[in-house]
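A short worksheet on the structure shown next.
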Amino acid sequence: MPELPEVETVRRQLAENLVGRRLVRAEFSRMALRAAIPARQLARALQGATVLQIRRRAKYLLWDFSSGYTMLAHLGMSGHFFIGHEKVDPVRHTHGRWRFAGLTVHFVDPRRFGLLKLYKTAEVLESAELAELGPEPFDPIFTPDWLRQSLKQSAAPIKSWLLDQKRLSGLGNIYANEALFRSRIHPRRPSHTLRPREAQRLHTAIRQVLLAAIEHAGTTFLSYKAPDGGDGAFYDSLLVFQREGLECHRCGVPIERIVQSGRSSFFCPTCQKAAPRHPS
DNA sequence: AGTCACGCCTGCCGGC
DNA sequence: TGCCGGCAGGCGTGAC
């Protein structure tokens, strides 16, 4: 469910509440998420240790502990952390519980596409999950020129390119759709046909839409909740996502939906160009 | 190497 | 009202 802005919102709230606190006890369900939860290793490595910092890499959260270990967490489609300041009744689909003095963090994930793993802090960036990820949209390496050069090397539709975490990490279906609308590029455009000006516009749109979403604490959708129980407020700022049949905010023509590799793409058929304006 | 279809799960919503 | 199909913000695998 969550993309970069939602995960960043979760990171900030967890960091605010947990950094400097000592973990008293960690408990996990026996049910597997995307992979089995290494419950014993997690408990042994983390109990009694203090949270040093909470980092984010793409859509992954990294909880660094004073024991030299890092818990790697991914929310999948339906996962969320929430913070209970008092005793909280058991909630269905709770798969992890971290008890600190005065508060408890819960991990709830009905669809169980999430992930909880343990790595040594020194090795986590080289883990199978993180090692192959492409740059982040806010990494200094992500420049208009880098984007233009990278797009040149792929014939994949631009929408698929944006969703490929090995190329650029952090975008999911919502913000890929929104960035393409804002840069007026059709989701089916082969990546290598983007003109330099279009790559420039796309670069700007990606950063703008992500920044705006982070400022609004993400997009609340289905079951997404921030750890404090709050809703993301970006929903009303969506220009195409989930707006099939509604008027384009720019030109009034109905928004269309197509399916690309199993995912919905929403776009305006007149604003978003299916072919380059000036073919080379 | 690059791309795509599919499966993993549960919950929800709309149509009949 | 109840059932059923379709759909959901992610990711890994295997086939081509």
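Every value quoted in this text rests on a predicted model; they were computed, and no experiment measured them. Sequence lines set the chain letters: A, B, ... in the order given, protein chains first and strands last, and positions in each chain run from 1.
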*Do the ring centers of A/His74 and A/Phe113 come within less than 6.0 Å of each other?*
no
*Just to confirm, is there a sub-4.0 Å distance from OP1 or OP2 of B/dT3 to any side-chain nitrogen or oxygen of A/Ser154?*
yes
*Does A/Arg34 place a side-chain N or O at less than 4.0 Å from the phosphate oxygens OP1/OP2 of B/dC8?*
no
*asked:* Work out how far the P atom of C/dG6 is from that of B/dC6, and round it to whole angstrom.
replied: 14 Å
*Please state how far atom CG in A/Leu162 lies from atom P in C/dG10, giving the value in whole angstrom units.*
12 Å
*Check the distance between C/dG10's P and A/Gln260's CD and give it to me in whole angstrom.*
14 Å
*Are A/Arg148 and A/Asp145 within salt-bridge range, i.e. N to O under 4.0 Å?*
yes
_A/Phe113 ring over C/dC11 six-membered base ring, under 5.5 Å and 30°_ = no
*Side chain of A/His93: nearest nucleotide among B/dG11, C/dG10, B/dC4?*
B/dG11
*To the nearest angstrom, how far is A/Gln242 atom CD from C/dA8 atom P?*
7 Å
*Is any side-chain nitrogen or oxygen of A/Arg263 closer than 4.0 Å to OP1 or OP2 of C/dC7?*
no
*Looking at A/Glu16 and A/Arg12, does any basic side-chain N land under 4.0 Å from a carboxylate oxygen?*
no
*Can you run through DNA chain B from 5' to 3' and write each base as (, ), [, ], | or . depending on how it pairs? Watson-Crick or G-U wobble, both distances under 3.5 Å.*
.|||||||.|||||||
*Could you tell me whether A/His95 and A/Phe28 have their ring centroids closer than 6.0 angstrom?*
no
*Given B/dG11, C/dA8, B/dC4, which nucleotide is nearest the side-chain atoms of A/Met77?*
C/dA8
*What distance, rounded to whole Å, do you find between the two P atoms, one in B/dG7 and one in C/dG5?*
16 Å
*Of the non-hydrogen atoms in A/Leu4 and A/Glu136, which two are nearest, and what is the gap between them?*
CD1-OE1, 3.7 Å
*asked:* Under a 4.0 Å threshold between the charged nitrogen and the carboxylate oxygen, would A/Arg11 count as salt-bridged to A/Glu8?
replied: yes
*Please report, rounded to the nearest Å, how far the P atom of B/dT10 is from the CG atom of A/Leu75.*
19 Å
*For A/Gly262, answer base if it contacts any base atom (sugar-phosphate contacts may also be present), sugar-phosphate if it contacts only those atoms, and nothing otherwise; contact means non-hydrogen atoms under 4.0 Å.*
nothing
_Note: A/Lys59-A/Glu6 ion pair, threshold 4.0 Å (strictly below)_ = no
*Report yes if a donor N or O on one partner sits less than 3.5 Å from an acceptor N or O on the other, where the partners are the side chain of A/Arg111 and the base of B/dC9; otherwise report no.*
yes
*Which whole-number value in Å describes the distance from A/His80 NE2 to B/dG11 P?*
13 Å
